[in-house]
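Single-structure report; data block below.
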Amino acid sequence: MSIADIAQALRTRVAGRVTQDASLAPFTTFRVGGPARVLLEAESVDDLRAVGELRGDLPLAIVGRGSNLLVSDDGFRGIAIRLGRAFRTHELKAEHVLRLGGAVQLPAAARLTARLGLTGFEFAAEIPATFGGAVRMNAGAHNRSMADVLLSAEIIDLSSGQSRTVDVQDVSYGYRSSSLSNDEIVTGGTVRLEPEDSSVVAERISGYLRWRRENQPPGRSAGSIFKNPPQDSAGRLIDEAGAKGMRIGGAVVSEVHANFIVADPTATADDVWSLIWSVHALVKDRSDVDLEPEVRFLGEFARR
Ligand code: EPU
């Protein structure tokens with residue numbers, strides 16, 4: 001089937017919107033990169049099942065908040081999937097158990113826990129991610145991460161069409177990683193929290209947001225570019241290597257925090273990509289540390 005045929009077949013099957021050659025830049029925090037051949041904004045688990053069945057040989061990519069993603073200037077030669085409004089729901093399941101849909105934004109969810117008088121999710125207030133994306137990569141801040149609060153995750157496997165709910169113990173979680181495969185989409189899940197005075201929770205959230213404003217740069221970035229190496233800090237190593245202010249085209253290493261690359265409105269994905277690997281080489285030369293990118297790459301990039 002041609003791309004146009006796949007897009008058309010999808011349109012007849014799904015409730016969500018299907019677009020051909022849709023730019024992915026607006027769906028990422030870097031705001032750079034080219035189009036996906038097909039973009040599906042899924043509005044039900046059946047929509048997701050349909051894309052699994054109709055994809056043919058096309059690769060799939062799940063795009064959450066796009067805050068940890070660099071899309072190539074040439075775009076992505078596959079089907080990109082975003083979870084639509086139908087996945088932006090929440091529900092208090094039991095006294096201290098909150099169910100969140102995969103497309104819920106973490107900062108909004110954190111503010112919700114303050115209103116509900118629940119503690120444990122404050123760290124999420126400063127993470128620009130969807131719940132589904134955060135569960136997949138075990139996003140975290142201030143020494144807490146999703147694995148610390150998660151009870152269960154609702155998953156659909158696009159290769160088999162099977163959906164299931166897994167207990168957190170059955171997912172293997174590490175630092176900014178999980179055992180979930182590429183074809184497994186997190187459509188929702190539950191978190192276990194503790195009761196606490198609303199104003200105390202709100203105050204803690206304000207403290208985290210203040211910390212972020214003081215320690216991390218504003219502008220178009222993907223948060224930390226590299227993972228912290230064991231017992232060390234990527235930001236410190238990059239700073240020590242003298243990379244702050246280093247620029248390629250419209251991409252610059254932040255003066256506020258060395259592990260952030262900020263993209264000007266003129267930046268291309270190639271600028272960001274080249275700067276990432278220049279920083280990598282600089283740190284390798286200076287400290288003999290092989291930094292591992294935290295940001296995910298989508299599409300084809302120049303050879304390193
Ligand atoms: N540092 C420098 N120079 C810099 C930046 C940092 O020397 O330019 C030093 C700091 O002085 C500090 C150390 O590096 O001693 C660590 O820096 P920071 O406290 O800013 O934390 P981080 O390890 O860089 C991590 C997460 C962030 C998260 C913060 C707060 C990673 C890779 N990064 O940053 O997560 O917001 O802690 O909890 O784990 C993200 O993952 O995208 C992200 C932003």
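For ligands, and for the atoms within them, numbers begin at 1 and follow the listed sequence. Note that these values count all heavy atoms, side chains included, but never hydrogens, waters or copies made by symmetry. Keep in mind that what you see is a predicted model, and the values were worked out from it rather than measured.
Side chains of Asp183 and Ser181: a donor-acceptor N/O pair is absent below 3.5 angstrom, by distance only. Remark: the His280 side chain and the Asp290 side chain contain an N/O donor-acceptor pair separated by less than 3.5 Å.
Of the protein's heavy atoms, Tyr175 OH, 3.4 Å lies nearest to atom 31 (C) of ligand 1. For atom 6 (C) of ligand 1, the nearest non-hydrogen atom of the protein is His257 NE2, 3.7 Å. When only non-hydrogen protein atoms are considered, atom 41 (O) of ligand 1 lies nearest to Glu294 OE2, 2.8 Å. The single protein non-hydrogen atom nearest to atom 43 (C) of ligand 1 is Ser224 OG, 3.1 Å, given as residue, atom name and distance. Ranking protein heavy atoms by distance to atom 13 (C) of ligand 1, first place goes to Ser233 OG, 3.3 Å. Atom 3 (N) of ligand 1 has as its closest protein heavy atom Asp239 OD2, 2.7 Å. Regarding atom 30 (C) of ligand 1, its nearest protein heavy-atom neighbour is Trp211 CH2, 3.5 Å. Closest protein heavy atom to atom 26 (C) of ligand 1: Arg176 NH2, 3.5 Å.
Heavy-atom separations between Phe226 and ligand 1 include at least one value shorter than 4.0 Å. Taking a 4.0 Å cut-off on heavy atoms, Lys244 registers as neighbouring ligand 1.
Close approach to Gly223 involves these atoms of ligand 1, each under 4.0 Å from a residue heavy atom: 42 (O). Atoms of ligand 1 lying under 4.0 Å from at least one heavy atom of Glu126, given by number and element, are 36 (O). Close approach to Ala141 involves these atoms of ligand 1, each under 4.0 Å from a residue heavy atom: 38 (O).
Leu54 CG to Gln8 CD: the interatomic distance, rounded to the nearest 0.5 Å, is 11.5 Å. If you take CD1 on Ile248 and OG1 on Thr268, they are separated by 9.5 Å, rounding to the nearest 0.5 Å.
Taking a cutoff of 4.0 Å between a charged side-chain nitrogen and a carboxylate oxygen, Glu41 and Arg82 qualify as a salt bridge. No salt bridge links Arg99 with Glu91; every basic N to acidic carboxylate O contact stays at or beyond 4.0 Å. A salt bridge between Arg210 and Glu203 is present, with a side-chain N of the basic residue lying under 4.0 Å from a carboxylate O of the acidic one. With respect to the salt-bridge test (charged N to carboxylate O, under 4.0 angstrom), the residues Glu300 and Arg77 do not qualify. Ion pairing between Arg49 and Glu53 fails under the 4.0 Å rule for side-chain N and carboxylate O.
Considering backbone and side-chain atoms alike, Ala222 places every N or O at 3.5 Å or more from each N or O of ligand 1. The shortest N or O to N or O distance between His142 and ligand 1 is below 3.5 Å. The distance criterion of under 3.5 Å between nitrogen or oxygen atoms is not met by Asn143 with respect to ligand 1.
Test Leu24, Asp264, Leu70, Val71 against Val32 for side-chain contact (heavy atoms from CB on, under 4.5 Å) and you get one pass: Leu70.
Note that atom 37 (O) of ligand 1 has no protein non-hydrogen atoms nearby, at separations under 4.0 angstrom. Distance check for atom 15 (O) of ligand 1: every protein heavy atom is found at 4.0 Å or beyond.
Distances from atom 22 (P) of ligand 1 to the heavy atoms of Asn228, Ile225, Val253 put Asn228 nearest.
At most 12 non-hydrogen atoms from other residues, nucleotides or ligands lie less than 6.0 angstrom from CG of Asn182. Around atom CZ of Arg247, more than 12 heavy atoms belonging to other residues, nucleotides or ligands sit under 6.0 Å away.
Looking at Glu240 against ligand 1, nothing comes within 4.0 Å, counting heavy atoms.
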